[in-house]
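A short write-up of the structure that comes next.
Within every chain, numbering begins at 1; the chains are lettered A, B, ... in the order of the sequence lines, protein sequences first and strands thereafter. Keep in mind it's a predicted model, so treat the numbers as computed, not measured.
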Amino acid sequence: MPELPEVQTIIDGVTTELMGKEIRSLDCFHPGTVIRDPELPEEVFPAEFISSRRRGKYIILNFSGDLSVIVHLRMTGKLVADSSQEGPVNHERACFMLSGSSKLRFIDIRTFGKIILCKTKNLGKFMPDLGMEPLADEFDARYLEKILKNRKAPIKTLMLDQKLIAGLGNIYVNEILYRSKLNPTVPGGEIPLSKLKILAKETKEVLREAISKNGTSISDFRNVDNKTGEFQKFLRVYQKETCPKGHPVSRIKQAQRSTYFCPVCQK
DNA sequence: CAATGATCCTGTCCGC
DNA sequence: TGCGGACAGGATCATT
């Protein structure tokens, strides 16, 4: 389940792959995966790659001819560069055919992922309203205070709301709250400014650390558990039995999602 | 507007 | 060995 750091890592890889190339065509193997802006002309390819960027968990690719491609991986989506000539592999939902006879396969077991083709000038219509980027300089205690004011929902749930903060998912929110020593069930509006300062700081720190490790939570969440090395060491409460201090970790459900936290460390 | 809940989907794992 | 059910969760839509 790619979150901000994983999406950033994927964008870096995709950008390298697309640099200096053009899309020749797009094959679709699963109805509903590719969404097309009705204002686009019949033929949009070939289209030359210009630039890429990330917004929350969205990948935004810009091409010549006023074409943009928005990719959202949701939980199980992957973009895999592959120059082999073999046809669709298992769970392949779409495939970009690139110049230089290479391919960019969109593989997505659970089919929640989406590829949107739209006019660049229509990007706003196809992107949802998203909150501030957590790595922006302006993301600080004051911003948190503003978005959490008078909110009664638990802080855990609010931090997952993309309209408030763009890019956080379940794993990182659990980890951020643990490091901030904040109980996930506390109503967002009741957190004092002093704690919001810590929350803002830890949010950035966790994300930066994850990005520097190339978003090691990539791959199926099942594997997160088995993963040895960097990411396994990175996780302190998510899917853990005990926290680093040896206290038993509690697991509860909030808004249909698992929350892992340490009742001793997180007050 | 805010909060909550159902829904989509498939592979994996667990208990019987 | 096989099978049913729980579970994983991002975003969207519906309901209160």
Would you say the side-chain atoms of A:Glu22 and A:Ser99 include a donor-acceptor pair closer than 3.5 Å? no
Select one nucleotide: of [options], the one nearest the side-chain heavy atoms of [X].
{"X": "A:Lys253", "options": "C:dG10, C:dA8, B:dA3", "value": "C:dA8"}
{"X": "A:Tyr260", "options": "C:dT12, B:dT10, C:dA8", "value": "C:dA8"}
{"X": "A:Ile109", "options": "C:dG9, B:dT10, C:dA11", "value": "B:dT10"}
{"X": "A:Arg151", "options": "B:dA3, B:dG11, C:dG10", "value": "B:dA3"}
{"X": "A:Arg251", "options": "B:dT10, C:dC7, C:dG10", "value": "C:dC7"}

Partner of A:Thr120 under side chain to side chain contact (heavy atoms under 4.5 Å, CB included), picked from A:Ile60, A:Asp37, A:Asn62, is A:Asn62
With respect to the phosphate group of [N], does any side-chain polar atom (N or O) of [X] fall under 4.0 Å of OP1 or OP2?
{"X": "A:Tyr172", "N": "C:dG9", "value": "no"}
{"X": "A:Gln162", "N": "C:dA11", "value": "yes"}
{"X": "A:His72", "N": "C:dA11", "value": "yes"}
{"X": "A:His30", "N": "B:dC9", "value": "no"}
{"X": "A:Lys152", "N": "B:dA2", "value": "no"}

Could you state the [atom1]-[atom2] distance from [X] to [N], rounded to the nearest angstrom?
{"X": "A:Leu158", "N": "B:dA3", "atom1": "CG", "atom2": "P", "answer": "6 Å"}
{"X": "A:Asn150", "N": "B:dC1", "atom1": "CG", "atom2": "P", "answer": "15 Å"}
{"X": "A:Ile252", "N": "C:dA8", "atom1": "CD1", "atom2": "C1'", "answer": "17 Å"}
{"X": "A:Glu92", "N": "B:dT10", "atom1": "CD", "atom2": "C1'", "answer": "17 Å"}
{"X": "A:Leu160", "N": "C:dG9", "atom1": "CG", "atom2": "C1'", "answer": "10 Å"}
{"X": "A:Asp108", "N": "B:dC9", "atom1": "CG", "atom2": "P", "answer": "12 Å"}
{"X": "A:Leu130", "N": "C:dT12", "atom1": "CG", "atom2": "P", "answer": "9 Å"}
{"X": "A:Asn174", "N": "C:dA8", "atom1": "CG", "atom2": "P", "answer": "11 Å"}

Side-chain-base donor-acceptor pair under 3.5 Å for [X] and [N]:
{"X": "A:Gln256", "N": "B:dA6", "answer": "yes"}
{"X": "A:Arg257", "N": "C:dA8", "answer": "no"}
{"X": "A:Arg74", "N": "C:dG9", "answer": "no"}

Single hit among A:Lys156, A:Lys253, A:Arg251 for side chain to side chain donor-acceptor pair (under 3.5 Å) with A:Thr259: A:Lys156
Tell me, do A:His30 and A:Glu92 make a side-chain contact under 4.5 Å, heavy atoms counted? no
Salt bridge (charged side-chain N to carboxylate O under 4.0 Å, His left out) for A:Lys21 and A:Glu17? Distances and angles first, verdict last. CA-CA 8 Å; A:Lys21 291 185 182 160; A:Glu17 175 63 24; 3.0 Å; yes
For A:Ser258, which contact category applies under a 4.0 Å heavy-atom criterion: base, sugar-phosphate, or nothing? sugar-phosphate
Is the NZ or CZ atom of A:Arg236 both under 6.0 Å from the centre of the six-membered ring of A:Phe261 and within 45° of that ring's axis? no
Result for 5'-nearest mapping on DNA chain B, choosing between A:Asn90 and A:Ala153, is A:Ala153
